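Data first, discussion second: the structure below is written as structure tokens.
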Amino acid sequence: MRFLDAEFVQGFIRMANDGWEQGWHERNGGNLSYRVKPEEVESVKENFEAKEWKPIGTSVPNLAGEYFLVTGSGKYFRNVIIKPEDSICMIEVDDKGENYRIVWGLVNGGRPTSELPSHLMNHEVKKLATNGKYRVIYHAHTTNVIALTFVLPLEDKVFTRELWEMATECPVVFPDGVGVVPWMVPGGRDIAVATSELMKKYDVAIWAHHGMFAAGEDFDLTFGLMHTVEKSAEILVKMLSMQPNKRQTITPQNFRDLAVDFKVTLPEEFLYEK
Ligand code: 2HA
Ligand code: ZN
């Protein structure tokens, strides 16, 4: 099969373009990665041309031998749909989880996303926590969430509760809540460690004054999660722009009632009295 004809590649390209159309990927902002299934690797293997091994910059032993489809460093999401072979690549992780090599894509040179350490450390945490079900890690520069990191305390419980209150679907879509990473230098191992720690508990990690990471089973669920959190943030920004206080809202008891009917567990730590 031609590499670009594979369904997982098409799904990846569509998701990247959806993010671009949302306005979350100015210039080369944001990055996306997908842990490819063994049968999908098999289906496109004839197109592989392995390049040299390079250090990942961190260690992910539980991802040894895995293949990932990832956006390229410095590449623009808006170009993924028109020149995928220049904008994205497939990489293979070595048998120690310390090095990677490109096996397809980035035909004009380049490397995988600058956030590769964060992507792979998040994949490792999620692979272990979900028995291999989660396959997508997505980083976007979501405008409203970023704006909120200038006015809300950078605390998991504040962001979770405020985002939950802005739309009834939110506690159902992200019942575990969201984590917040304080401002850190992006691209390296330190921010990757901080983010992957939060990913043990949450599917969403907010990077203060930068953006968001979301994790999920497939492209639809992961894009939908990013979209839901960002839409809720947009409602909060609008609300705060009208007046500083809510006249009425969804109460802690309302959330408990919702949890029963929708069969989700909402941790009491987020249902505090204000
Ligand atoms: O430029 O978003 O965090 C890609 C990024 C870095
Ligand atoms: Zn970024």
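First listed ligand is number 1; within each ligand, the first listed atom is number 1. Both backbone and side-chain heavy atoms feed into the values below; hydrogens, waters and symmetry mates do not. Please read all numbers here as calculations on a predicted model, not as lab measurements.
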Under 3.5 Å donor-acceptor pairs involving side-chain atoms of residues 168-193, not counting sequence neighbours:
| unit_1 | atom_1 | unit_2 | atom_2 | d |
| --- | --- | --- | --- | --- |
| Arg189 | NE | Thr58 | OG1 | 3.0 |

Listed pairs under 3.5 Å, donor-acceptor, residues 266-274 side chains, sequence neighbours left out:
| unit_1 | atom_1 | unit_2 | atom_2 | d |
| --- | --- | --- | --- | --- |
| Glu268 | OE1 | Arg256 | NH2 | 3.0 |
| Glu268 | OE2 | Arg256 | NE | 2.8 |
| Glu269 | OE1 | Lys201 | NZ | 3.4 |
| Glu269 | OE2 | Lys201 | NZ | 3.3 |
| Tyr272 | OH | Lys157 | O | 3.2 |
| Lys274 | NZ | Glu162 | OE2 | 2.7 |
| Lys274 | NZ | Glu165 | OE2 | 2.6 |

Could you pull out every N or O of ligand 1 that sits under 3.5 Å from a protein N or O, with the distance for each pair?
| unit_1 | atom_1 | unit_2 | atom_2 | d |
| --- | --- | --- | --- | --- |
| ligand 1 | 1 (O) | Asn28 | O | 3.1 |
| ligand 1 | 1 (O) | Asn28 | ND2 | 3.4 |
| ligand 1 | 2 (O) | Gly30 | N | 2.9 |
| ligand 1 | 2 (O) | His139 | NE2 | 3.3 |
| ligand 1 | 2 (O) | His141 | NE2 | 2.9 |
| ligand 1 | 3 (O) | Glu115 | OE2 | 2.5 |
| ligand 1 | 3 (O) | His139 | NE2 | 3.3 |
| ligand 1 | 3 (O) | His210 | NE2 | 3.0 |

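Ionic pairing of Glu52 and Lys54 is present here: one or more N-O contacts between side-chain nitrogen and carboxylate oxygen are shorter than 4.0 angstrom. Checked for salt-bridge contact, Lys75 and Asp86 meet the test: a charged N lies under 4.0 Å from a carboxylate O. Looking at Glu234 and Lys231, no side-chain N of the basic residue comes within less than 4.0 Å of a carboxylate O on the acidic one, giving no salt bridge.
Looking only at atom types and distance, the side chain of Asp218 has no donor-acceptor partner in the side chain of Tyr134 under 3.5 Å away. Donor-acceptor pairing under 3.5 Å is recorded for the side chains of Asp156 and Tyr202.
Excluding waters, the set of protein N, O or S atoms lying under 2.8 Å from the Zn ion (ligand 2) comprises His139 NE2, His141 NE2, His210 NE2.
Counting heavy-atom neighbours within 6.0 Å of Asp5 CG, excluding the residue itself, gives a total above 12.
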Point to revise | Working for ring-ring contact (aromatic ring centres under 6.0 Å, His included), residues Phe150 and His209 | key: CA-CA 7 Å; Phe150 296 93; His209 322 325; 4.3 Å; yes

